[in-house]
Amino acid sequence: MTQAKIIVHGGFFSEAGTTDHIKKAKQDALADIIRKAYLFVQNHSALETVVYTVELLEDCDLFNAGTGSQIQRDGKIRMSASLMDGVSLKFSGVINIEDVKNPIRVAECLLEVDDRVLSSEGATRFARVHGFKHFSTETTQRRQEYETKLASTGVGTVGCVVLDSHGNLAAATSTGGKGFELPGRVSDSATVAGNFANAACAVSCTGVGEDIVSGAVAIKIVTRVTDGVPLHEACKRTFAELKPFDGFAGAIALDKDGNVFYIDSHPRMVFASFDGEKLVMFK
């Protein structure tokens, strides 16, 4: 049996300011969520666990995904999320979905159909047909930010990567966008640049979506590990390729041997990892 391991991220700390109060709140939230996730993975697969964990992150308004998502320039909230199973190698996702509580659950539902990535009205319509009720994810804080045009730095996303006790990997990522973006903008979160997994490695990214897509970050890391490059080296090489355009990104990763790695190009990514004994938390 393999020792289960989990690593999660909650965007970049700069996305919500730098107060000690917010920092402590995020640390406490991640510690609680990752411990719940570790208990869950004892009796569930990596795929089931990444969905469960990202759902918990979406429900926490400290993070920019699900409840508490950023508001776009036209005053609406549109969210994106994706899921990838390292066993079946199936990827599913929703792009710019509106008025659902947990976009990651809609992405999970899409794993069972042929058209596995849906956008905008099509994604929202699919959610309604499959029993996902109307739910406003707007919070008072996000509305105040929008009304005073305090656009965020665009680096808020949540994600989870899991290695289960059977040695299987999965990754899930969800975002409420960068805030004040043009309607129709597509982030990295529902693409293989921001979320990817196979039997060798799984990666979830956060940061500026355009930079992550330009760097093809998640799929590059996974491909390099699959080709025999050690996880830490694969991550470092990939992030070195962001430097020519000062790419703003962070990534959490696990390989099939249980190696955990996290990396960011700018300070500082909000993350935590847990293996049942050792909890590692962002500082």
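Values reported hereafter were calculated over all heavy atoms of this structure, with side chains retained and with hydrogens, waters and symmetry mates removed. Each residue takes its place number in the sequence, starting with 1.
- In this structure, E233 contributes its side chain and P230 its backbone to no donor-acceptor pair below 3.5 Å.
- The heavy-atom pair separating S136 from D99 by the smallest distance is CA-OD1, 4.4 Å.
- No more than 12 heavy atoms of other residues, nucleotides or ligands shown are found within 6.0 angstrom of CD on E121.
- The SG atom of C205 lies 11.0 Å from the CD1 atom of I219; values are rounded to the nearest 0.5 Å.
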- Query: After noting the C-alpha distance and the side-chain angles of T67 and C60, does the key distance pass the side chain to side chain contact (heavy atoms under 4.5 Å, CB included) rule?
  - Reply: CA-CA 7 Å; T67 300; C60 180; over 6 Å; no
- After noting the C-alpha distance and the side-chain angles of L57 and L30, does the key distance pass the side chain to side chain contact (heavy atoms under 4.5 Å, CB included) rule? CA-CA 8 Å; L57 289 161; L30 287 187; 3.8 Å; yes
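- Remark: the backbone N or O of A107 is paired with a side-chain donor or acceptor of S92 at under 3.5 angstrom.
- Under the 4.5 Å side-chain contact rule for hydrophobic residues, M281 and I6 share a cluster.
- Rounded to the nearest 0.5 angstrom, S69 OG and D61 CG are separated by 10.5 Å.
- In the hydrophobic clustering of ILVMFWY residues, with side-chain heavy atoms under 4.5 Å counting as a link, V217 and L169 come out apart.
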- Task: Determine, stepwise, if the pair E55 / E108 fulfils side chain to side chain contact (heavy atoms under 4.5 Å, CB included).
- Result: CA-CA 11 Å; E55 181 179 35; E108 179 186 35; over 6 Å; no
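- Atom CE of M79 is separated from atom CG of N102 by 9.0 Å, given to the nearest 0.5 angstrom.
- The aromatic rings of Y52 and F40 sit parallel, their planes meeting at an angle under 30°, below the 60° perpendicular limit.
- Cluster annotation: V162 is connected to F63 through the hydrophobic network of ILVMFWY side chains, with a link wherever side-chain heavy atoms come within less than 4.5 Å.
- Side-chain atoms of D264 come within 3.5 Å of backbone N or O of M269 as a donor-acceptor pair.
- Linking Ile, Leu, Val, Met, Phe, Trp and Tyr whenever their side-chain heavy atoms come within less than 4.5 Å puts V192 and F239 in one cluster.
- Residues V100 and A127 come closest through the heavy atom pair CG1-CB, 3.8 Å.
- Taking 4.5 Å as the limit, every side-chain heavy atom of R105 sits out of range of all side-chain heavy atoms of E58.
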- Message: Apply side chain to side chain contact (heavy atoms under 4.5 Å, CB included) to residues V158 and V8 and explain how you reach the verdict.
- Response: CA-CA 7 Å; V158 302; V8 298; over 6 Å; no
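- Without hydrogens or angle criteria, D257 side chain to N259 main chain gives no donor-acceptor distance under 3.5 Å.
- The shortest side-chain heavy-atom distance between N195 and F91 falls under the 4.5 Å cut-off.
- For the atom pair D246 CG and H266 NE2, the distance stands at 4.0 Å (nearest 0.5 Å).
- S80 is listed as a side-chain neighbour of N96, based on a closest heavy-atom distance under 4.5 Å.
- Close placement of the F12 and F248 rings is indicated, their centers lying within 6.0 Å of each other.
- Under the 4.5 Å side-chain criterion, counting only non-hydrogen atoms from C-beta, R142 is in contact with N64.
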- Stepwise side-chain hydrogen bond (donor to acceptor under 3.5 Å, both in side chains) check, H44 with D164: CA-CA 8 Å; H44 296 84; D164 66 24; over 6 Å; no
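- Using a 4.5 Å heavy-atom threshold, the side chains of R185 and R73 count as separate.
- The local environment of CG in D115 is sparse, with at most 12 non-hydrogen atoms from other residues, nucleotides or ligands closer than 6.0 Å.
- A170 and V50 make their closest contact through O-CG1, 3.4 Å (heavy atoms, listed as atom of the first residue, atom of the second, distance).
- Checking side-chain atoms of H9 against main-chain N and O of A251 turns up no donor-acceptor pair under 3.5 Å.
- Ion pairing between a basic and an acidic side chain is recognised when a charged N comes within 4.0 Å of a carboxylate O; E181 and R78 show no such pairing.
- Between L118 and R125, every side-chain heavy-atom pair lies at or beyond the 4.5 Å cut-off.
- Residues L254 and I221 fall into different hydrophobic clusters, defined by Ile, Leu, Val, Met, Phe, Trp and Tyr side chains chained together at heavy-atom separations under 4.5 Å.
- A donor-acceptor pair is defined here as one N or O able to donate and one able to accept, closer than 3.5 Å; such a pair exists between the side chain of R128 and the backbone of F132.
- The line from NE2 of H166 to OG1 of T2 is 9.0 Å long, rounded to the nearest 0.5 Å.
- Within the 3.5 Å criterion, the main-chain N or O of V161 finds no donor-acceptor partner in the side chain of S204.
- For the atom pair OG1 of T191 and CD1 of I212, the computed distance is 8.5 Å after rounding to the nearest 0.5 Å.
- F282 is listed as a side-chain neighbour of V270, based on a closest heavy-atom distance under 4.5 Å.
- Nearest heavy-atom pair, T49 versus A37, reported as atom, atom and distance to 0.1 Å: CG2-O, 3.7 Å.
- Of all heavy-atom pairs between G215 and K220, the closest is O-CD, 3.2 Å.
- Between the side chain of T124 and the backbone N or O of E98 there is at least one donor-acceptor pair closer than 3.5 Å.
- Judged by the 6.0 Å and 45° rule, R35 forms a cation-pi pair with F274.
- Closest approach of T226 and A200 over heavy atoms only: OG1-CB, 3.7 Å.
- Formation of a donor-acceptor pair under 3.5 Å by the D275 side chain with backbone atoms of E277 is found in this model.
- In this structure, the side chains of K101 and D59 come closer than 4.5 Å at one or more pairs of heavy atoms.
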